[in-house]
Visitor: 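Please see the structure below; I have some questions.
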Amino acid sequence: MVLRLTVQVLLVLQALLREPGRELYGLEVCEETGLLPGTAYPILLRLEDQGWVTSRWEDVDPRAEKRPARRYYRLTAGGAAQASAAVTSARRPSSAALRRLAREPGTT
Amino acid sequence: MLPRPPFSPRQKKVILVTLPTASCCFGAIDLLLGAGVNALTLLALAGMVTMSAGFAIIGWPAGDGLPVRVRDRRDGGSLGRGLDRDAGRAPRQVGERPVWRAVARLMPPAAGRRWLAEMDSLLFEITAEQRRNAVHSYLLSVPRLLVMTWASELSRRARPRFRRPR
């Protein structure tokens with residue numbers, strides 16, 4: 001499955017890249033990206049499928065913590081490199097957009 | 001000491017919906033019997049309607065407004081229930097709802113279990129208002145998730161077959 005770098009995917013990658021070593025759980029990803037869980041979850045699943053992200057269940061006793069265990073996500077070493085490359089290239093305007101800009105009167 | 005009410009709010013709701021539905025069904029049977037419709041068929045239909053209304057109410061999502069009894073699980077179950085005190089109402093575990101369980105069953109088993117557990121974990125930590133939006137977005141993502149999880153599962157199963165011998 002090819003990973004399409006949509007705006008939402010880039011938002012998730014950016015959130016994970018902010019502190020590459022830090023693990024984020026689903027709710028944190030949603031809060032940092034502003035995405036709804038139904039959007040963020042398939043993205044995280046796809047990133048994990050591609051090997052960019054790895055995840056694990058929190059090792060806690062839910063009864064002691066009085067909440068269900070969270071699933072934590074973090075970028076893999078390879079994933080972090082690919083993600084930062086993807087985010088950087090997304091920030092750069094595409095050649096098509098530059099050509100369009102050049103054609104517009106008053107921009108040069 | 002106050003006397004214990006004969007019915008819980010949930011039981012009252014079930015009775016309030018089931019009784020009128022049943023009486024409507026039997027009224028319809030009465031009317032249609034004159035028209036020569038098979039009585040047994042109608043009786044079966046009435047039973048089905050009543051039962052489905054009853055089950056729908058019993059399985060009413062508690063997080064969406066119906067107060068549920070706050071209780072902890074003592075049977076070694078993995079999750080506590082009714083601990084979302086900020087929301088004012090106890091969220092019912094997603095995994096306990098037949099609809100979500102049915103949706104999860106459409107996915108490959110491991111993916112379905114993980115989806116339910118993750119949804120449980122997230123819905124537990126948000127407020128009732130946020131929960132409604134979150135549940136809605138989870139519902140909307142189901143078709144995409146089904147395709148994704150099955151595609152990933154099938155590719156995982158197919159991979160070893162095409163592995164070249166070294």
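Side chains are part of it too, since the values below use all heavy atoms of this structure and drop only hydrogens, waters and symmetry mates. Residue numbering restarts at 1 for every chain, and letters A, B, ... go by the order of the sequence lines. These figures come from a predicted structure and were not determined experimentally.
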Visitor: Do B:L139 and B:L106 land in one hydrophobic cluster if side-chain heavy atoms of ILVMFWY residues count as linked below 4.5 Å?
Guide: yes

Visitor: At what distance, to the nearest 0.5 angstrom, does CD of B:E125 lie from CD of A:E31?
Guide: 9.0 Å

Visitor: Select one option (side chain, backbone, both, neither) describing which atoms of B:L140 are under 4.5 Å from chain A's heavy atoms.
Guide: neither

Visitor: Hey, are the side chains of A:D49 and B:M148 touching, using non-hydrogen atoms and a 4.5 Å cut-off?
Guide: no

Visitor: If hydrophobic clusters are built by linking Ile, Leu, Val, Met, Phe, Trp and Tyr wherever their side-chain heavy atoms come under 4.5 Å apart, do A:L36 and A:L11 end up in the same one?
Guide: no

Visitor: Are A:Y41 and B:L145 side-chain neighbours, meaning at least one heavy-atom pair lies under 4.5 Å?
Guide: yes

Visitor: Please report the shortest heavy-atom distance between B:A134 and A:P37, naming the atom on each side.
Guide: CB-CG, 3.6 Å

Visitor: For the atom pair NZ (A:K66) and CZ (B:F124), what is the distance rounded to the nearest 0.5 Å?
Guide: 10.0 Å

Visitor: Side-chain contact, heavy-atom cut-off 4.5 Å: B:Q130 with A:C30?
Guide: no

Visitor: Where do A:G38 and B:R144 come nearest, in terms of heavy atoms and distance?
Guide: O-NH2, 4.0 Å

Visitor: So for A:E28, is it side chain, backbone, both, or neither that comes closer than 4.5 Å to the heavy atoms of chain B?
Guide: neither

Visitor: Following the transitive rule for hydrophobic clusters with a side-chain heavy-atom cut-off under 4.5 Å over Ile, Leu, Val, Met, Phe, Trp and Tyr, establish whether A:L44 and A:L5 coincide in one cluster.
Guide: yes

Visitor: Which atom pair, heavy atoms only, marks the closest approach of A:W57 to B:E118?
Guide: CH2-N, 3.7 Å

Visitor: Tell me whether A:L45 is reachable from B:W150 by hopping between hydrophobic residues (I, L, V, M, F, W, Y) whose side-chain heavy atoms are closer than 4.5 Å.
Guide: no

Visitor: Closer than 3.5 angstrom, by distance alone: can the side chain of B:S141 be matched with the main-chain N or O of A:T39 as a donor-acceptor pair?
Guide: no

